[in-house]
Each structure stands twice: as C-alpha cells, then as structure tokens.
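Single-structure report; data block below.
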Amino acid sequence: MQIELSPRFRRTARRYRGADLDRIQAALDAILEGFGQPHAHAGLGVRKLRGHWFECRAGLDIRLIFRAETDNLTFHLAGSHDDVKKFLRGL
C-alpha cells in the first residue's frame, strides 16, 4: 500500500505550520501502517464517509480526507470539519 498526495491536498496542507504540520505527517505515517486493520482504525480516528472515501484526524481540529483504492490511498484534503462538509457536498 502506498500514499499519494493530490495537488489539492498539497495546497490545503500548506496553510499549516509547525506542530500542525508534524501532526499531519504523523497521521499519514500511521494511516500507511494501520489502514485495513479495523482495530487500529479507532486509534487513528478513521471514519468511512461514503463509498471509498474516508476521513482521519490529525489533531483536534485537522481532518484529512482520502480515497482508498486497491493499492493506494490518495489524500485530497487537509482541513477543518467545515472544510470536510464543503468537500463532501462537492462529491
């Protein structure tokens, strides 16, 4: 399994600095290791949104949206809960 970062994800992640950026990187690392292991999902804050779309936490106020495919996880958004709701309306 590998991780891909979409251009949109890179753009939205750029607004974070310091400890927030460290939390995003830690969440990406943890998802790479634990995705597909249901018992680990709870600790990672993974939640299925719809279809192949998932959300995970990278801190209290940062959410990461990704799409799970056979061999990769493509991350599309780093943002707040409101950013996630707006993203989902566009799907």
How far does [atom1] of [X] sit from [atom2] of [Y], to the nearest 0.5 angstrom?
X	Y	atom1	atom2	result
K85	R63	NZ	CZ	12.0 Å
I31	M1	CD1	CE	10.5 Å
I65	H76	CD1	NE2	10.0 Å
W53	L88	CH2	CG	9.0 Å
S80	K86	OG	NZ	10.0 Å
T12	F75	OG1	CZ	11.5 Å

> Are N72 and E4 linked by a side-chain donor-acceptor pair shorter than 3.5 Å?
Replying inline: yes
> Does atom CD of E69 have more than 12 heavy-atom neighbours, drawn from other residues, nucleotides or ligands, at distances under 6.0 Å?
Replying inline: yes
> What do the steps show when you test D71 against Q2 for side-chain contact (heavy atoms from CB on, under 4.5 Å), and what is the final call?
Replying inline: CA-CA 7 Å; D71 293 329; Q2 62 184 19; 5.9 Å; no
Looking at [X] and [Y], what are the two nearest heavy atoms and their distance?
X	Y	result
A78	Y16	O-CE1, 3.9 Å
A58	I24	CB-CA, 4.0 Å
R23	G59	CD-CA, 3.9 Å

>> Walk me through whether F9 and L64 qualify under side-chain contact (heavy atoms from CB on, under 4.5 Å).
In response: CA-CA 9 Å; F9 180 84; L64 308 179; 3.8 Å; yes
> What about I62 and F35, same hydrophobic cluster or not, with Ile/Leu/Val/Met/Phe/Trp/Tyr joined at side-chain heavy-atom distances under 4.5 Å?
Replying inline: yes
> According to a 4.5 Å side-chain heavy-atom criterion applied to Ile, Leu, Val, Met, Phe, Trp and Tyr, with indirect links allowed, do L49 and L77 form part of one hydrophobic cluster?
Replying inline: yes
>> Measuring only between side-chain heavy atoms, which start at C-beta, is L73 closer than 4.5 Å to L32?
In response: no
>> I'd like to know if R17 pairs up with D22 as an ion pair, taking the criterion as any Lys NZ or Arg NE/NH1/NH2 lying under 4.0 Å from an Asp or Glu carboxylate oxygen.
In response: no
> Where does the angle between the aromatic ring planes of F54 and F66 fall among parallel (under 30°), tilted (30 to 60°) and perpendicular (over 60°)?
Replying inline: parallel
> With distance as the sole test, does R8 use its side chain to make a donor-acceptor pair with the main-chain N or O of L5 at under 3.5 Å?
Replying inline: no
